[in-house]
Structure formats: structure tokens, C-alpha cells
Protein chains: 2
Amino acid sequence: MNKQKNLTLADVAQAAGVSTATISRVINGTPNKVSDTTRERILKLVAELDYQPMQIGRALSRMESATVALLTPDTRNAFYASIADGLEQAITATGKAMVLGHTREDPVLQDRHLAQMQSHGVAGIAMLGAVPSPGLSKAVARELPIVFVNRKCPYGAGSAFVGIDNYRAGGDVAGHFLERNYDPVAVIHGPLNSSASLERYEGFRDVIESAGHSLSERFVIHGGLTIESGYRATRDLLDHDEHPRAIFCANDAVAYGAHHRCGELGLASPERIALFGFDDNPLNKWLAPWLSTVAVPCTDIGTRVAELFLGGPVPPRQYLLPYELKIRRSA
Amino acid sequence: MNKQKNLTLADVAQAAGVSTATISRVINGTPNKVSDTTRERILKLVAELDYQPMQIGRALSRMESATVALLTPDTRNAFYASIADGLEQAITATGKAMVLGHTREDPVLQDRHLAQMQSHGVAGIAMLGAVPSPGLSKAVARELPIVFVNRKCPYGAGSAFVGIDNYRAGGDVAGHFLERNYDPVAVIHGPLNSSASLERYEGFRDVIESAGHSLSERFVIHGGLTIESGYRATRDLLDHDEHPRAIFCANDAVAYGAHHRCGELGLASPERIALFGFDDNPLNKWLAPWLSTVAVPCTDIGTRVAELFLGGPVPPRQYLLPYELKIRRSA
DNA sequence: TACCTTAATGCAAAGGTTTGCATTACGTTG
DNA sequence: CAACGTAATGCAAACCTTTGCATTAAGGTA
């Protein structure tokens with residue numbers, strides 16, 4: 001990367017008059033292997049010379065680079081960006097670096113990234129919003145250190161997961177709707193191959209129905225997770241005489257689109273149609289104060305994921321973190 | 001990273017009955033070094049075995065890993081996220097991976113990241129929103145392949161830069177204000193050690209003043225780049241009898257904060273106070289249709305930066321990309 | 001046929017760090 | 001004093017790929 005060669009272990013060893021092995025052991029803090037006097041002397045020298053071990057050599061030796069990969073649909077979505085932010089912070093704190101790849105929800109691209117991350121020898125892969133793909137299936141079978149974030153692994157429950165209890169959260173939103181006597185209610189759910197979307201919907205539906213209400217088929221709309229698709233879904237939903245009194249949206253972005261359409265129809269929410277989103281975009285407070293939503297603890301999720309990569313093999317557990325219903329205005 | 005060792009060059013060589021050198025040359029497409037028949041045979045074998053060269057070994061050999069670093073204040077800011085997105089796309093297209101580090105505008109953290117990226121042997125470093133720091137100064141002096149994005153290098157003009165002509169853009173906003181006869185006008189500018197903020201302000205001021213208007217000191221407010229600081233700045237700005245008819249904000253986030261404060265005072269923009277932002281957050285269309293702004297070509301910026309890292313040494317040029325004034329509503 | 005040229009391939013070193021094993025030095029015990 | 005144990009250090013191989021140089025083979029020319 002630069003002309004003037006970097007300082008190497010051998011240089012330091014020569015300067016200290018010891019072997020590279022000793023320097024290496026000091027750098028890595030290998031216990032019971034080097035005398036206190038030598039250790040101190042070398043540490044001082046290392047500081048003086050400002051020596052930094054080259055991760056490149058270290059990686060080859062350990063067959064693992066000091067990096068963790070985050071694969072995510074994209075980070076222009078504020079929710080994904082927040083999780084990326086939390087994860088980056090946690091990873092940096094451990095002295096590792098974060099490699100970021102955007103899958104754009106495309107199985108082919110996801111597989112390309114997966115293969116590349118493996119050849120880069122990353123210490124772990126965080127799959128945020130994974131889509132089913134052959135490469136992912138293979139990676140899971142090989143028991144690579146993968147942690148699924150927000151969306152569970154599409155290939156069996158044997159993989160680690162960090163996120164929230166989407167089923168319960170969906171139910172909680174339904175409970176809130178019932179409490180306020182919103183009736184009828186509608187739901188715009190996301191892609192059902194995403195566990196997050198599916199479970200939210202199921203939880204919502206089950207609570208609504210177990211309360212004796214029914215969720216009319218016309219009020220269950222399938223959509224994507226973008227503003228545009230939220231707009232389109234709402235256009236379809238409201239293209240009838242009977243309107244729902246409240247809509248549970250797949251995420252905040254969808255709710256923005258829904259709000260826009262409601263505005264066009266003069267059904268200004270929340271007075272006419274209450275909207276409930278998911279994720280809690282930090283901009284909501286300022287730009288969408290009319291939107292209630294489910295706040296997901298993004299930073300905590302990042303921290304937890306980073307922890308999992310630290311301590312040896314990743315346990316195939318599911319870590320469900322607490323979420324919070326944010327009720328804004330009169331939603 | 002995984003128990004079952006990955007396929008290695010030697011394995012493929014053995015399977016093909018040739019030396020590792022030949023395989024390497026085929027993989028890398030070294031011209032005039034291997035016969036067409038062998039090349040084809042090996043390519044087929046490689047495909048069959050699904051061999052992927054281990055980047056880890058490759059990096060040591062080349063003393064450079066197939067990665068490019070992006071250092072940015074953070075990616076929860078939609079503008080930074082957009083540039084990161086564009087850069088990631090361009091880098092991925094070249095077969096490299098992107099390493100992401102958040103500096104949080106903190107010189108210490110920035111230096112830590114810079115040192116780490118160097119030891120990781122990244123092929124290039126994109127500094128998005130750089131802050132002055134000792135390590136950065138050193139890195140620039142060592143002529144590492146650094147490209148400054150959006151904010152110019154704080155240490156002389158000898159470094160590559162990709163962004164827009166902020167001075168001219170600021171002037172254009174002023175021109176727009178003059179055209180609409182907004183008077184008086186105010187500006188909430190960002191940190192002046194950021195070339196982006198400074199030049200925008202200077203361009204704005206110069207056009208206003210050269211038109212014979214004056215920019216009263218009370219209408220020039222210094223602030224940060226967050227919503228909160230935009231809110232605070234606007235609170236100060238409007239804490240007088242005389243109000244500006246329009247405010248040029250450091251970026252869209254600041255404008256959101258300003259809008260919020262205007263709303264609290266019943267000075268709903270743009271009828272009473274017109275707001276102009278910068279960056280063009282993609283959410284604006286849906287959530288802030290009252291906000292005019294300067295659209296920065298984020299994707300193009302990312303592409304250009306990636307190009308620079310591809311072709312050998314980075315030329316110390318400044319690449320100014322076209323921007324666009326987005327006039328929304330009656331701003 | 002002997003020599004030369006060119007094309008194709010192989011050999012082996014290099015790149016920086018880690019680590020199992022060997023070695024040294026020193027102090028202790030019998 | 002010899003035998004031994006322990007703590008500290010060094011040696012060298014290993015990790016995987018790339019590449020300069022050497023080697024071989026093949027084809028052509030005198």
C-alpha cells in the first residue's frame with residue numbers, strides 16, 4: 001500500500017536483540033512465556049517505534065483475519081443503518097474491523113458476498129435480513145460462525161439468532177388496536193419468507209382473531225418493505241368504500257408511504273386512520289410524529305452479535321431482546 | 001474459520017497434475033504464460049471443484065488485500081449512508097470488499113481506524129467527512145492512496161478529492177433566494193473546519209453580498225450537522241423580533257430541526273419561512289415535501305472514488321461532480 | 001544432426017506472523 | 001558436584017499465493 005515498507009516483526013526483533021518469537025509473544029500477551037523484564041523492555045521499544053503488527057501476516061498465520069462481516073440488504077434503510085452502526089461500534093471496540101456487503105435482497109449477490117467473506121477469512125458473518133440462497137444453505141451446513149439478525153435463518157433453527165420476539169410484538173400492536181377500539185383494522189405485511197415479517201403478521205392476526213374480531217381478507221395486504229410499496233399497498237387497500245380505522249404496517253418505511261396516500265385521500269392520520277409502523281426510525285420524532293411504532297434496540301443487537309463472535313464457537317441460540325411500543329400522538 | 005479446510009491452490013494443482021504456479025497464472029489470467037489447452041482444462045477443473053483463491057494468502061503475497069476502506073462519521077446520517085451505498089456497489093463490482101469504519105468526527109477514533117486500515121493492507125481509503133488528526137496528516141504525508149470525499153483534505157491540496165463545488169452550490173442557493181426576493185435571509189452553517197460547510201457558506205454569503213444585500217451577523221448562525229443542533233440554532237435565530245424570510249441550512253438534518261422549531265412558533269414554512277437544505281435525503285419526497293435542497297450525486301461519487309483506486313496511484317486531482325437544486329413547493 | 005529460438009511449465013523464495021518443539025541458562029536438591 | 005527441574009528464549013516450519021528465474025520441450029534452421 002505504501003512505498004516506505006512498514007515496520008515488521010523482524011525489525012523490532014533486531015532492534016531489541018531477541019527473536020521474532022519473543023516479540024510476537026509480548027505483542028499477544030502470551031502468558032508465562034517471557035520474563036517481566038524483557039516484556040517491559042519490549043513493550044517500551046514497541047511504543048517507541050510505533051510498531052503495529054501487520055494484520056495481513058497475522059491473518060495467514062491464524063487462518064482468520066481480524067474482521068467481521070455484515071451482510072445486509074442495504075444501509076439506506078435507516079433501520080439497517082442503525083444496526084450496522086451498533087455492530088460497527090461493538091466490533092471496533094474489540095479491535096476488529098467490519099466488512100460491509102449489500103445483498104440488496106438478491107440471492108445471487110448474497111452468495112457472491114458470502115463466498116468472498118469466506119475467502120477473506122472473516123471471523124464471523126452477521127446476516128441482517130437474509131434471503132434464502134444456495135450459498136447460505138451451504139454455509140449454514142458447514143457451520144460457519146454465522147449469526148442471523150432480525151430475520152431468522154431460512155434453513156432450520158440450528159443457527160444463532162439475535163433480534164426481538166416479532167410474534168409477540170405483532171400481538172402487542174393488535175392489543176393496542178383492540179384497546180383503542182379501532183375497528184376494523186388492516187395489516188400491510190412484508191415478504192413472508194422473512195421470519196420477521198411473517199411472525200409479526202401471525203402474532204397480530206392471532207390476537208385480533210382470538211379477541212373475537214375477524215381480519216377480513218381484503219384488509220390483509222402483501223407488500224414490500226419500501227416507501228413506494230407502502231404507498232401502492234395503501235392505494236389498493238383504500239380503493240373501496242369501507243376503510244380500516246387503523247393499519248399495522250410492515251415497517252416505518254411502509255407507514256410513510258401509507259401516510260402519503262392517506263393524505264392524498266384526505267384521510268389524515270391518525271384522526272381518521274391510525275398508522276402503526278415498526279423499527280422506530282430516529283427521524284420519526286421530527287418528521288413523522290403521527291407514527292406509532294415498535295422500537296427495536298439496534299445498538300444492543302449489534303453489541304450482542306459482536307459478543308457472540310468473540311467467545312469461540314457461536315452457540316446456536318436465539319437471543320430475544322426487549323422491544324418497546326412507542327405510542328405517539330393519538331395513534 | 002471452518003473445520004473442513006478450504007481448498008487450496010496446491011490441492012487444485014495436484015488434481016490437475018501441474019504446479020501451483022500454473023494454476024495461479026490461470027486464475028489471474030497472466031497473459032502469454034500458459035497454453036490455451038492447459039488454461040481451458042484448468043478453468044474447467046477450477047469450476048468443478050469450486051475453488052476460490054484464499055484472499056488471505058493472496059494479500060500477504062501482494063502485500064495488499066482486496067479491500068477498500070471507507071471512513072465516515074457515521075452512516076445513520078442518510079447522506080453518508082447514500083455515499084456508502086454507492087461506494088459499496090462500485091467496490092463490489094470490482095471484486096473487492098469494503099471495510100467500514102465510523103469516525104464519529106473524533107480525531108482519536110479516526111486515527112485508530114486509519115492505523116488499523118493500514119495494517120490490514122487496504123488498497124485504498126475513502127475519507128468521507130474527514131476531521132483533522134495527527135494520523136491523517138501522517139498518512140497524507142506518506143502518500144497513501146487516500147481519496148477525500150465531500151470534505152477536502154485538511155492538509156493541503158495535494159490529495160485527491162471527489163465531491164461537488166460547494167462554493168458554487170452555496171451561491172446558487174443564494175441566487176434562488178434573491179430571485180424570489182426573500183429578504184432578509186439567514187444561514188445556519190456547519191463546522192467551518194469542514195471545507196464543505198465553509199465553502200457553502202462563503203459561496204452563499206458572497207452572492208448575497210455582491211447583490212448589494214447584507215448578511216446581518218445575527219442571521220449567521222453556527223451549528224452542528226444534526227437535527228437537534230438545527231433545532232437549537234433555529235431557536236436562537238428566531239428569538240428576536242425580526243425574522244428571516246428564508247434560511248439556508250447546513251444540511252437536510254439541520255433543516256428538519258429548523259422546520260420543527262418553525263412549526264412550534266407557528267411560522268410554518270415555506271409560507272412564512274422558506275427552508276433550504278443540502279444533500280437531498282431520499283425521504284424528503286415523502287416526509288419533507290416542504291424542503292428545497294441541493295441534490296448531491298451520491299452514487300456517482302461512489303463510482304468515481306472506486307475508479308480512482310483501481311488505476312494505480314491516485315492522481316491528486318479534484319473531481320467536481322454536477323449537483324442539482326431541487327426546488328420543492330414554493331420554497 | 002546440431003544448434004538456436006520460443007513457448008510452456010516448474011522450482012523455490014518471498015511476504016509477516018504464530019507456535020510446537022528444542023535449546024539454553026539458571027537455580028535447586030540430593 | 002551432579003542430576004534435575006523450570007523458566008526464558010530461539011529455531012524453523014507452517015499458513016497460501018505470487019513471481020523471477022531456471023528448466024524442459026518442441027519446432028525451426030543451417
Side-chain angles (χ1 to χ4, degrees), chain A residues 1-43 45-46 49 51-67 95 116 118-121 123, chain B residues 1-43 45-46 49 51-67 95 116 118-121 123:
Chain A
M1 163 154 183
N2 34 289
K3 291 104 226 228
Q4 50 272 327
K5 285 181 13 116
N6 263 321
L7 223 50
T8 164
L9 206 51
D11 299 331
V12 184
Q14 190 171 24
V18 298
S19 74
T20 58
T22 304
I23 311 282
S24 171
R25 293 194 257 253
V26 170
I27 297 276
N28 293 296
T30 318
N32 301 332
K33 280 288 183 183
V34 38
S35 73
D36 288 348
T37 58
T38 328
R39 159 163 286 118
E40 256 177 79
R41 186 167 62 88
I42 292 184
L43 281 179
L45 183 65
V46 163
L49 298 178
Y51 165 72
Q52 299 252 146
M54 298 209 46
Q55 298 292 348
I56 267 182
R58 189 175 267 197
L60 182 60
S61 185
R62 297 195 182 152
M63 287 303 284
E64 175 177 303
S65 74
T67 53
Q116 196 178 41
Q118 286 173 59
S119 84
H120 273 286
Chain B
M1 162 153 183
N2 33 290
K3 290 105 223 224
Q4 49 273 326
K5 285 179 15 114
N6 263 322
L7 223 49
T8 165
L9 207 50
D11 299 330
V12 184
Q14 189 171 24
V18 297
S19 75
T20 58
T22 303
I23 311 281
S24 172
R25 291 194 259 253
V26 170
I27 298 277
N28 293 296
T30 318
N32 302 331
K33 280 287 183 184
V34 39
S35 73
D36 288 347
T37 58
T38 328
R39 158 161 287 119
E40 255 176 80
R41 186 167 61 89
I42 292 183
L43 281 178
L45 184 65
V46 164
L49 299 177
Y51 166 72
Q52 299 252 146
M54 298 207 46
Q55 298 292 348
I56 266 182
R58 190 175 264 197
L60 182 59
S61 184
R62 297 196 183 153
M63 287 303 285
E64 174 177 303
S65 75
T67 53
Q116 195 178 41
Q118 286 173 58
S119 84
H120 273 286

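In what follows, every chain begins at residue 1, and chains take the letters A, B, ... in the order their sequences are listed.
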Could you grab the distance from atom [atom1] of [X] to atom [atom2] of [Y], nearest 0.5 Å is fine?
X	Y	atom1	atom2	answer
B/L49	B/I42	CG	CD1	11.0 Å
A/M54	A/L9	CE	CG	11.5 Å
A/N6	A/Q52	CG	CD	9.0 Å

[N] phosphate, OP1 or OP2, under 4.0 Å from [X] side-chain N/O:
X	N	answer
A/R58	C/dG16	no
A/Y51	C/dG16	no
B/T22	C/dG10	yes

Find every protein N or O atom lying less than 3.5 Å from an N or O atom of nucleotides 11-13 of chain D, and list the pairs.
none

Interface with DNA chain D, restricted to residues 7-17 of chain A and to heavy atoms under 4.0 Å: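 Here the set is A/G17.
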So which of residues 28-42 of chain B are in contact with DNA chain D, with a heavy-atom cut-off of under 4.0 Å?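 Of all residues in residues 28-42 of chain B, the ones placing a heavy atom under 4.0 Å from DNA chain D are B/N28.
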Looking only at non-hydrogen atoms, find the nearest pair between [X] and [Y] and report the distance.
X	Y	result
A/R39	A/V34	NH2-CG1, 3.2 Å
A/Y51	A/T8	CE1-C, 3.7 Å
A/S19	A/A13	C-CB, 3.8 Å
A/A16	A/L45	CB-CD2, 3.5 Å

Spacing of [X] atom [atom1] relative to [N] atom [atom2], expressed in whole Å:
X	N	atom1	atom2	result
B/L60	D/dT19	CG	P	12 Å
A/M63	C/dT19	CE	C1'	15 Å
B/Q55	D/dC15	CD	C1'	15 Å
A/R62	D/dC16	CZ	P	16 Å
A/Q52	C/dT17	CD	P	11 Å

Counting the atoms with a prime plus P, OP1 and OP2 as sugar-phosphate, which does B/I56 contact under 4.0 Å by heavy atoms, base, sugar-phosphate, or nothing?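 B/I56: no heavy atom of the nucleic acid under 4.0 Å.
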Base, sugar-phosphate alone, or nothing: which one does B/S24 contact when heavy atoms must sit under 4.0 Å apart?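 Contact class for B/S24: base.
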Counting only N and O atoms by type, is there a donor-acceptor contact under 3.5 Å from the side chain of B/Q116 to the main-chain atoms of A/G95?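 Yes.
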Sequence neighbours excluded, which residues qualify as side chain to side chain contact (heavy atoms under 4.5 Å, CB included) partners of B/S119?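 For B/S119, the residues satisfying side chain to side chain contact (heavy atoms under 4.5 Å, CB included) (neighbours in sequence not counted) are A/Q55.
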For B/T67, side chain to side chain contact (heavy atoms under 4.5 Å, CB included) partners two or more places apart: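 So B/T67 forms a side chain to side chain contact (heavy atoms under 4.5 Å, CB included) with A/H120, B/S65, B/A97, B/V99, B/V122.
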If you count every heavy atom of other residues, nucleotides or ligands that lies below 6.0 Å from B/E40 atom CD, does the total exceed 12?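 No, because the 6.0 Å sphere around CD of B/E40 holds 12 heavy atoms or fewer from other groups.
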Partner set under side chain to side chain donor-acceptor pair (under 3.5 Å) for A/S35, not counting sequence neighbours: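 Here the qualifying residues are A/T37, A/T38.
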Would you mind reading off the bend of the helix from C/dT1-D/dA30 to C/dG30-D/dC1 from its two end axes, five pairs each, to 10 degrees?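 Answer rounded to 10°: the end axes differ by 70°.
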Could you go through residues 20-30 of chain A and list every donor-acceptor pair under 3.5 Å that involves a side-chain atom there, pairing it with any protein atom two or more places apart or in another chain?
from, atom 1, to, atom 2, distance (Å)
A/S24, OG, A/N28, ND2, 3.3
A/N28, OD1, A/R58, NH2, 3.4
A/N28, OD1, A/R62, NH2, 3.1
A/N28, ND2, A/S24, O, 2.8

